[in-house]
**Q** 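There's a structure below that I have some questions on.
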Amino acid sequence: MTNEPEQGATPMSIMDSLVRGDRAHPEWLWRSGSLVPWAESSIHVNAVGHASVASVFEGIKAYVSHDGAGLLLFRLDEHLRRLYESARIVRIDIPYGIEILRAAVIEVLRANAYREDVYLRPWAFPAGIVQEQMVPAGVICELVVDSWTFQSGLGTERGCRAAVSSWTRINEASMPPRVKAFSNYHNGRLAMLEARENGHDWPILLNERGKVSEGPGACIALVRDGVVSTPSTTSGILESLTRDTSITLLRELGHTVVEREVDRTELYLADEVFFMGTGWEILPVTTVDGLQVGDGTAGPLTRQLDTAYGDVVRGRSPRHKDWLTELPF
Ligand code: PMP
């Protein structure tokens with residue numbers, strides 16, 4: 001499907017085709033208390049715009065287990081907890097307890113009868129038509145759980161070219177990056193557009209102090225002389241669960257991991273650089289600002305982490321079963 005309206009197409013017929021679903025979508029999503037058919041889950045056009053400024057969301061993955069017995073939701077409770085934390089900071093009320101959200105995620109997986117790796121997006125937005133531009137505190141929210149299948153990159157040969165952005169990462173004093181708010185992604189998107197324009201894949205954003213923060217959808221780490229360094233959680237980053245998982249797994253593998261301020265030029269001297277995120281998984285960085293990292297492919301430690309991460313999320317590892325919520329087929 002293109003963005004160009006078809007010849008003679010009316011706005012309504014374009015909308016009809018979107019609602020009919022000329023693109024991949026799940027049969028069911030969860031909306032404010034129950035499963036609803038995807039095509040019937042519309043809202044009034046006036047409910048978008050300013051309302052979306054206050055919307056918060058999560059990104060969760062369910063991986064097919066290594067033995068094919070079912071789906072394994074990775075760190076479900078921690079993701080849901082972060083959704084409440086985001087809502088708390090922006091002062092919107094999610095009118096459901098965590099048990100209901102947990103059940104909603106599972107209901108969505110079951111209703112769509114997924115037998116592949118699935119990405120889940122629970123998100124909350126102010127209910128009704130927001131008349132007030134600023135969205136007052138305490139507004140009641142609708143909660144949606146959307147989902148789609150994805151192709152995991154774990155265990156595959158891959159890499160990306162990264163570039164330090166001319167855009168500064170949003171910061172605690174204006175738009176806290178700790179909040180997983182859709183509006184924060186305006187910053188990451190501008191940086192992404194610039195990176196692509198200049199022939200790179202992804203940007204790396206520096207914070208207001210000129211130190212490395214993160215990518216637009218993932219945290220970052222570097223390896224230099226065998227030591228892993230990653231910007232601290234006060235460097236203007238989302239408190240990433242993949243970052244936390246990576247730190248845990250790397251330490252278990254016997255590596256030293258330091259959370260600290262990271263300079264841009266450390267990226268130029270690093271033996272390895274990689275992104276970490278639910279969506280991006282462990283993504284090796286092969287060039288930074290055009291300078292090759294290591295031999296230009298994933299480094300040994302990045303590969304070790306990639307394997308360890310894959311083993312955990314697919315339940316192949318005997319460790320960290322407490323991070324997994326099992327859903328047998
Ligand atoms: N930073 C940003 C800006 C992100 O969007 C994400 C993806 N959620 C991450 C970091 C990584 O967070 P997590 O590992 O919890 O997915």
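Whatever order the structure lists ligands and atoms in, that order sets their numbers, starting from 1.
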**Q** Identify the protein heavy atom lying closest to atom 5 (O) of ligand 1, giving its residue, its atom name and the separation to 0.1 Å.
**A**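 It is Tyr185 OH, 2.4 Å.
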**Q** Applying a 4.0 Å heavy-atom criterion (strictly less than), which segment of Pro177 is in contact with ligand 1: side chain, backbone, both, or neither?
**A**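 Under 4.0 Å from ligand 1, Pro177 contributes no heavy atoms.
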**Q** Specify side chain, backbone, both or neither for Ala218, according to which of its non-hydrogen atoms lie closer than 4.0 Å to ligand 1.
**A**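 Near ligand 1, Ala218 shows its backbone, while the atoms from C-beta on stay back.
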**Q** Evaluate Gly215 for polar contact with ligand 1, using N/O atom pairs at a separation under 3.5 Å.
**A**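 Min N/O separation from ligand 1 is not below 3.5 Å for Gly215.
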**Q** One pair to check against side-chain contact (heavy atoms from CB on, under 4.5 Å): Arg319 and Leu249. What are the steps and the verdict?
**A** CA-CA 10 Å; Arg319 307 181 87 132; Leu249 297 178; over 6 Å; no
**Q** Within the 4.0 Å heavy-atom shell around Arg169, which atoms of ligand 1 are there?
**A**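 Going through ligand 1 atom by atom, the ones under 4.0 Å from Arg169 are 3 (C).
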**Q** Look at atom 8 (N) of ligand 1 and say which protein heavy atom is nearest, naming residue and atom and giving the distance to 0.1 Å.
**A**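 Ranked first by proximity to atom 8 (N) of ligand 1 is Lys180 NZ, 2.7 Å.
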**Q** Which protein non-hydrogen atom lies closest to atom 7 (C) of ligand 1, naming both residue and atom, and how far is it?
**A**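 Checked against all protein heavy atoms, atom 7 (C) of ligand 1 sits closest to Gly217 O, 3.3 Å.
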**Q** Tell me whether Ser86 contacts the main-chain N or O of Lys180 through its side chain, where contact means a donor paired with an acceptor under 3.5 Å.
**A**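 Such a contact is found between Ser86 side chain and Lys180 backbone.
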**Q** Against heavy atoms of Cys219, which atoms of ligand 1 measure under 4.0 Å?
**A**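 The list of qualifying atoms is 10 (C).
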**Q** Please work out whether the ring planes of Trp38 and His25 are parallel, tilted or perpendicular, with thresholds of 30° and 60°.
**A**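 Correct class here is parallel.
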**Q** Per the side-chain hydrogen bond (donor to acceptor under 3.5 Å, both in side chains) rule, what does the pair list look like for residues 216-230, sequence neighbours excluded?
**A**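 Sorted pair list: Ser229-Arg260.
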**Q** Okay, side chain of Asp201, backbone of Arg161: is any donor-acceptor separation there less than 3.5 Å?
**A**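 Yes: the side chain of Asp201 pairs with the backbone of Arg161.
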**Q** Counting only heavy atoms closer than 4.0 Å, does ligand 1 sit against the backbone of Arg75, its side chain, both, or neither?
**A**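 It is neither; nothing of Arg75 touches ligand 1.
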**Q** Using a strict 4.0 Å cut-off to heavy atoms of Thr278, name the atoms of ligand 1 that fall inside it.
**A**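 Answer for ligand 1: 13 (P), 14 (O), 15 (O), 16 (O).
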**Q** Are the charged groups of Lys61 and Asp117 less than 4.0 angstrom apart, N to O?
**A**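 Not counted as a salt bridge, because no side-chain N and carboxylate O are separated by less than 4.0 Å.
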**Q** Counting heavy atoms only, which of Ser213, Pro216, Gly59 is nearest atom 3 (C) of ligand 1?
**A**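 Among Ser213, Pro216, Gly59, the closest heavy atom to atom 3 (C) of ligand 1 comes from Pro216.
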**Q** Give the atoms of ligand 1, by number and element, whose distance to some non-hydrogen atom of Glu214 is under 4.0 Å.
**A**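 Answer, ordered by atom number: 1 (N), 2 (C), 3 (C), 10 (C).
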**Q** Look only at the side chain of Arg169 and the backbone of Lys211, and say whether a donor-acceptor pair between them is shorter than 3.5 Å.
**A**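 A pair under 3.5 Å: no.
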**Q** Is it the case that Tyr63 and Ser152 place a side-chain donor and acceptor less than 3.5 Å from each other?
**A**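 Their side chains do not contain a donor-acceptor pair, so the 3.5 Å distance test is not met.
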